[in-house]
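For reference, the structure discussed in these notes is given below.
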Protein chains: 2
Amino acid sequence: MTNEEFETLLNFFKVMGNEKRLKIAGILANRDCTVRELAQMLKLKEPTVSEHLGTLKMLGLVTVRPEGNFRVYSFNSAALHTMNREMLSRGRLANLVQGEVEDSDQKVMKAFFKGDQLIAIPASRKKWLIILRWFAEKFEDGIQYPEKQVNEIILRHHGDYALIRRELVDWKFMTREKSIYWKLPTPTDLPLD
Amino acid sequence: MTNEEFETLLNFFKVMGNEKRLKIAGILANRDCTVRELAQMLKLKEPTVSEHLGTLKMLGLVTVRPEGNFRVYSFNSAALHTMNREMLSRGRLANLVQGEVEDSDQKVMKAFFKGDQLIAIPASRKKWLIILRWFAEKFEDGIQYPEKQVNEIILRHHGDYALIRRELVDWKFMTREKSIYWKLPTPTDLPLD
DNA sequence: CTCCTAATTAGGTAAATTCCGAAATAGAAA
DNA sequence: TTTCTATTTCGGAATTTACCTAATTAGGAG
């Protein structure tokens with residue numbers, strides 16, 4: 001179930017999103033350790049380390065084995081591997097939230113499309129913008145389209161290409177100069193804060 | 001620098017280790033959104049979503065572009081890729097903490113080894129165990145070694161193979177039956193990356 | 001210019017997390 | 001059995017985080 005996978009991934013991030021636990025994982029990725037060894041290296045008390053190890057163990061990221069008088073903790077590559085390969089890609093991430101959140105756009109799309117054909121024009125501005133955004137996605141960033149080609153692309157999904165074309169420009173989804181159309185390229189978004 | 005990478009990875013986990021932020025990332029992985037849209041889907045107030053988006057933006061996981069009257073947020077696959085491919089493997093993880101934590105073992109090893117030769121026997125039990133663990137690593141999990149081969153392997157690093165061999169068994173690093181020696185296999189540690 | 005709307009920042013509260021010392025447990029050793 | 005030791009569990013203090021409402025900013029539209 002996708003919801004369960006979401007929880008798994010979320011927990012993975014939560015657990016690894018703590019400095020001390022991430023370090024423990026890193027150290028154990030180098031070699032096996034006892035609780036006391038880890039406590040010394042990290043300058044923490046044993047109970048604290050023990051708790052962290054318990055958390056990591058729940059996730060399956062570490063395993064324990066008794067060895068003489070100690071309990072030796074090991075890193076378990078398999079769990080990391082699972083996260084890495086099976087969950088951490090854009091596609092996977094996208095799937096994890098499907099149905100999880102009510103997606104108002106998909107409702108709108110279902111209501112006004114049949115397949116990839118726009119079969120009705122919504123009265124509400126909000127819904128209309130959702131549809132226009134969908135049309136805008138059919139064009140690539142940074143490419144200049146002659147009007148003829150714009151029409152063609154729109155025609156694949158709706159007969160009244162002039163309406164859609166004009167609306168795309170009006171709502172600034174696209175820019176026109178003479179009869180060349182383009183999307184404003186996504187800015188590189190330099191300044192952070 | 002490895003320390004900087006550690007911080008980057010830690011922050012990545014921290015940011016994604018929050019239910020709402022992970023969902024935002026998931027939704028944006030499906031399609032671009034405005035703050036208001038996200039707020040509706042997630043049943044949060046806009047300021048809260050805005051904050052989360054700011055956090056995600058700092059990490060480079062999302063970008064913004066103005067579009068008409070709105071600010072449209074997009075998912076940035078590149079950042080995810082970086083984490084996925086360049087940081088999230090056992091080997092990488094292991095490297096991230098090298099030198100970060102003072103590794104008491106390495107001190108001990110330096111003090112009693114010359115190259116890979118054990119040249120002195122520590123008085124302290126603690127230090128002795130570190131050395132024994134090092135010797136234990138020279139043997140593979142799940143392999144049965146006849147005594148002769150055990151001796152050979154130890155001899156590569158120290159003359160008194162009988163001492164080391166006996167200590168390895170005494171301290172339960174290895175098991176002996178008749179004159180066959182083996183390590184107890186580490187449970188569930190599957191192949192790494 | 002002013003109005004309007006989307007988004008952000010400020011400030012404060014409630015909840016969750018991290019850490020520790022003290023006490024309990026489990027198991028090897030004697 | 002009792003003792004000793006490594007680890008875990010408990011209870012609570014200090015810090016951090018997530019979220020809200022209210023106020024502010026930014027920018028297009030009129």
Side-chain angles (χ1 to χ4, degrees), chain A residues 10-11 13-24 28 32-59 62-74 125-126 129-130 133 169-173 175 184 187 189 191-193, chain B residues 10-11 13-24 28 32-59 62-74 124-126 129 133 169-173 175:
Chain A
L10 178 59
N11 277 332
F13 286 139
K14 272 198 175 131
V15 169
M16 297 295 266
N18 169 280
E19 188 198 326
K20 298 298 162 46
R21 278 195 297 266
L22 185 55
K23 274 185 188 165
I24 289 175
L28 291 180
D32 298 355
C33 282
T34 65
V35 173
R36 176 152 304 169
E37 285 173 327
L38 287 167
Q40 281 181 240
M41 294 188 207
L42 297 167
K43 282 153 196 160
L44 290 175
K45 300 299 173 185
E46 275 120 350
T48 306
V49 172
S50 190
E51 240 179 272
H52 284 321
L53 284 168
T55 311
L56 286 162
K57 190 146 62 87
M58 275 204 303
L59 256 208
V62 306
T63 56
V64 213
R65 66 172 183 279
E67 194 170 277
N69 222 331
F70 303 78
R71 284 160 68 71
V72 178
Y73 280 85
S74 315
R125 166 180 304 183
K126 188 166 167 38
L129 286 175
I130 290 168
R133 197 189 319 286
V169 174
D170 279 359
W171 286 100
K172 305 259 168 82
F173 287 105
T175 307
L184 298 170
D189 207 52
L192 286 185
D193 3 19
Chain B
L10 178 60
N11 278 332
F13 286 138
K14 272 197 175 132
V15 169
M16 298 294 266
N18 169 280
E19 188 198 325
K20 298 298 163 47
R21 276 194 298 265
L22 185 56
K23 274 185 188 163
I24 289 175
L28 291 180
D32 298 355
C33 282
T34 65
V35 174
R36 178 151 303 171
E37 286 172 326
L38 287 167
Q40 280 181 241
M41 294 189 207
L42 297 167
K43 283 153 195 160
L44 290 175
K45 299 297 172 189
E46 275 121 347
T48 307
V49 172
S50 191
E51 242 180 87
H52 284 321
L53 284 168
T55 311
L56 287 162
K57 189 147 64 88
M58 275 204 303
L59 256 206
V62 306
T63 57
V64 213
R65 65 171 185 279
E67 192 170 280
N69 223 330
F70 304 79
R71 286 161 66 72
V72 178
Y73 281 86
S74 316
S124 127
R125 166 180 304 182
K126 187 167 167 40
L129 286 176
R133 197 191 315 285
V169 175
D170 279 358
W171 287 99
K172 305 258 168 82
F173 286 104
T175 308

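Quick note on labels: first sequence line is chain A, next is B, and so on, each numbered from 1. Hydrogens, waters and symmetry mates play no part in the numbers below; they use all other heavy atoms, side chains included.
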So, using side chain to side chain donor-acceptor pair (under 3.5 Å) as the criterion, who are the partners of B/Arg36 when residues are at least two apart?
B/Glu46
Would you please confirm or rule out a distance under 4.0 Å between OP1 or OP2 of C/dC19 and any side-chain N or O of A/Lys20?
yes
In whole angstroms, how far is the C1' atom of C/dT18 from the NZ atom of A/Lys43?
19 Å
Do any side-chain nitrogens or oxygens of B/Thr48 fall under 4.0 Å of OP1 or OP2 in D/dC20?
yes
Of all heavy-atom pairs linking B/Arg133 and A/Val72, the shortest is NH1-CG2, 4.4 Å
How close or far is atom P of D/dT7 from atom CZ of A/Arg65, stated in whole angstroms?
13 Å
What does nucleotides 10-17 of chain C look like as a protein-contact string, B for base, S for sugar-phosphate only, - for none, at under 4.0 angstrom between heavy atoms?
--------
In whole Å, I'd like the distance from the CD1 atom of B/Ile24 to the C1' atom of D/dC19.
13 Å
Shortest non-hydrogen pair, A/Tyr73 vs A/Leu28, comes out as O-CD2, 3.4 Å
Show the nearest heavy-atom pair for residues B/Arg21 and B/Val15, with the distance to one decimal.
NE-O, 2.7 Å
Whole angstrom value for the distance that separates P of C/dT18 from CG of A/Leu56:
11 Å
State whether B/His52 places a side-chain N or O below 4.0 Å from either non-bridging phosphate oxygen (OP1 or OP2) of D/dT17.
no
With the criterion being N/O to N/O and under 3.5 Å, what pairs connect the protein with nucleotides 2-7 of chain C, and how long is each?
| unit_1 | atom_1 | unit_2 | atom_2 | d |
| --- | --- | --- | --- | --- |
| C/dA6 | OP1 | B/Arg36 | NH1 | 3.4 |
| C/dA6 | OP2 | B/Arg36 | NH1 | 2.7 |
| C/dA6 | OP2 | B/Arg36 | NH2 | 3.4 |
| C/dA7 | OP1 | B/Val35 | N | 3.4 |
| C/dA7 | OP1 | B/Arg71 | O | 3.4 |
| C/dA7 | OP2 | B/Arg36 | N | 3.2 |
| C/dA7 | O3' | B/Arg71 | NE | 3.4 |

How would you list, by chain and number, every residue that makes a side chain to side chain donor-acceptor pair (under 3.5 Å) with B/Asn18, sequence neighbours excluded?
none
Least distance between heavy atoms, A/Gly17 atom then B/Leu10 atom
C-CD1, 3.8 Å
What bend angle does the helix from C/dC1-D/dG30 to C/dA30-D/dT1 show across its length, from five-pair end axes and to the nearest 10 degrees?
30°
Exercise: identify the closest heavy-atom pair between B/Lys20 and B/Leu42:
O-CD1, 4.3 Å
Residues that B/Ser50 engages under side chain to side chain contact (heavy atoms under 4.5 Å, CB included), provided they are two or more places apart
none
Sorted by chain and residue number, the ring pair (Phe, Tyr, Trp, His ring centres under 6.0 Å) partners of B/Phe13 (sequence neighbours excluded) come out as A/Phe12, A/Phe13
Write down the distance between CG (A/Leu22) and P (C/dT18), rounded to a whole number of angstrom.
13 Å
What is the separation between atom CG on A/Leu10 and atom P on D/dT17, rounded to the nearest whole Å?
16 Å
Listed by chain and number, what are the side chain to side chain donor-acceptor pair (under 3.5 Å) partners of A/Glu51, not counting sequence neighbours?
none
Euclidean distance, atom CG of residue B/Leu53 to atom P of D/dA18 [Å, nearest integer]:
14 Å
All heavy atoms of A/Val49 vs all of A/Ala39, minimum pair found to be CG2-CA, 3.6 Å
